[in-house]
Amino acid sequence: MAIFEASILDDRQRRVAQAFGKEAPIVLIGAGEPIPKPGGHDQVYPFIPYPQYYWLTGLRRPGGVLVFDPLVGWTHYVQHVTDAERLWEGGVVEVEGESVAKLDAWLAKQKDRKMVTLGAGVTGVTSDRDLTSEMALRVDRVRRHLDRAELAIMEKAVLATAAGHKKAKEAIGEGVTERQVQIAL
């Protein structure tokens, strides 16, 4: 489930599409995959998607690829929830979009077009280095102008920080250890 409202995500995607322009290459923005813990067998570190993917989709689900094709707009290829995830992780919410299994076939039809990958790489796609830097810069320029959702998150962080420092100040006193202040904070 996305953390941001659909209208916020739609606006972000619209602004990025404008920044890319009608002459843009196909841009693939990968979420990434979980990183296994060494010797952890089936354990992985908590998944954090690549920033561009998260900002444009609001999703923290691995395996997805958001594709911008200047001829058709945005298409989201997602890793659908498996029965094993439902069994072992529970509460995993299904994400709308095309199955990521269809991406290879779609890419095969686009072989004569220029492509760029941002975020996690996409298997089988060779990205032009200079063009990749240019498209990443265009996304960054759009992201510089914060929207109301980002400002709300920052406001929440500021309030939490202020409350934590107030508690820490109240905890400071003779005989109090740094650890006790840290716990209060």
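Remember, predicted model here, so these are calculated numbers, not experimental data. In what follows, every heavy atom counts, from backbone to side chain, and hydrogens, waters and symmetry copies are set aside.
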Could you check whether any side-chain heavy atom of [X] comes within less than 4.5 Å of a side-chain heavy atom of [Y], counting everything from C-beta outward?
X: L28; Y: M115; value: yes
X: W74; Y: D69; value: no
X: V78; Y: V100; value: no
X: L107; Y: L103; value: yes
X: R12; Y: E150; value: yes
X: P25; Y: M135; value: yes
X: L146; Y: M154; value: yes
X: E98; Y: T75; value: yes

Taking atom [atom1] of [X] as the centre, report whether more than 12 heavy atoms of other residues, nucleotides or ligands fall under 6.0 Å from it.
X: Y50; atom1: OH; result: no
X: E170; atom1: CD; result: yes
X: I35; atom1: CD1; result: no

Kindly work out whether a path of hydrophobic side-chain contacts (I/L/V/M/F/W/Y, heavy atoms less than 4.5 Å apart) joins [X] to [Y].
X: V139; Y: F68; answer: yes
X: L66; Y: L118; answer: yes
X: V116; Y: L56; answer: yes
X: L131; Y: V67; answer: no

Evaluation steps, ring-ring contact (aromatic ring centres under 6.0 Å, His included), between H76 and Y53 | CA-CA 10 Å; H76 195 187; Y53 179 85; 5.5 Å; yes

Kindly compute the distance separating [atom1] ([X]) from [atom2] ([Y]), expressed to the nearest 0.5 Å.
X: T57; Y: I3; atom1: OG1; atom2: CD1; answer: 11.0 Å
X: Q13; Y: I8; atom1: CD; atom2: CD1; answer: 12.0 Å
X: H80; Y: T82; atom1: NE2; atom2: OG1; answer: 12.0 Å

Taking NZ, NE, NH1 and NH2 as the nitrogens, is one of them in [X] or [Y] under 4.0 Å from a carboxylate oxygen of the other?
X: D11; Y: R15; result: yes
X: R143; Y: D140; result: no
X: D128; Y: K114; result: no

R61 to F47, cation-pi by 6.0 Å centre distance and 45° axis angle |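 Relative to the ring axis of F47, which defines the angle, R61 lies outside at least one limit.
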
Worked check of side-chain contact (heavy atoms from CB on, under 4.5 Å) between F4 and I153 = CA-CA 10 Å; F4 304 108; I153 290 170; 3.6 Å; yes

Would a distance-only check, ignoring hydrogens and angles, find a side-chain to backbone donor-acceptor pair under 3.5 Å from R138 to S133?
->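 Flag not set: sc R138 to bb S133 has no pair under 3.5 Å.
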
Do side-chain atoms of R113 reach the backbone of I26 as a donor and acceptor pair under 3.5 angstrom?
->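 No.
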
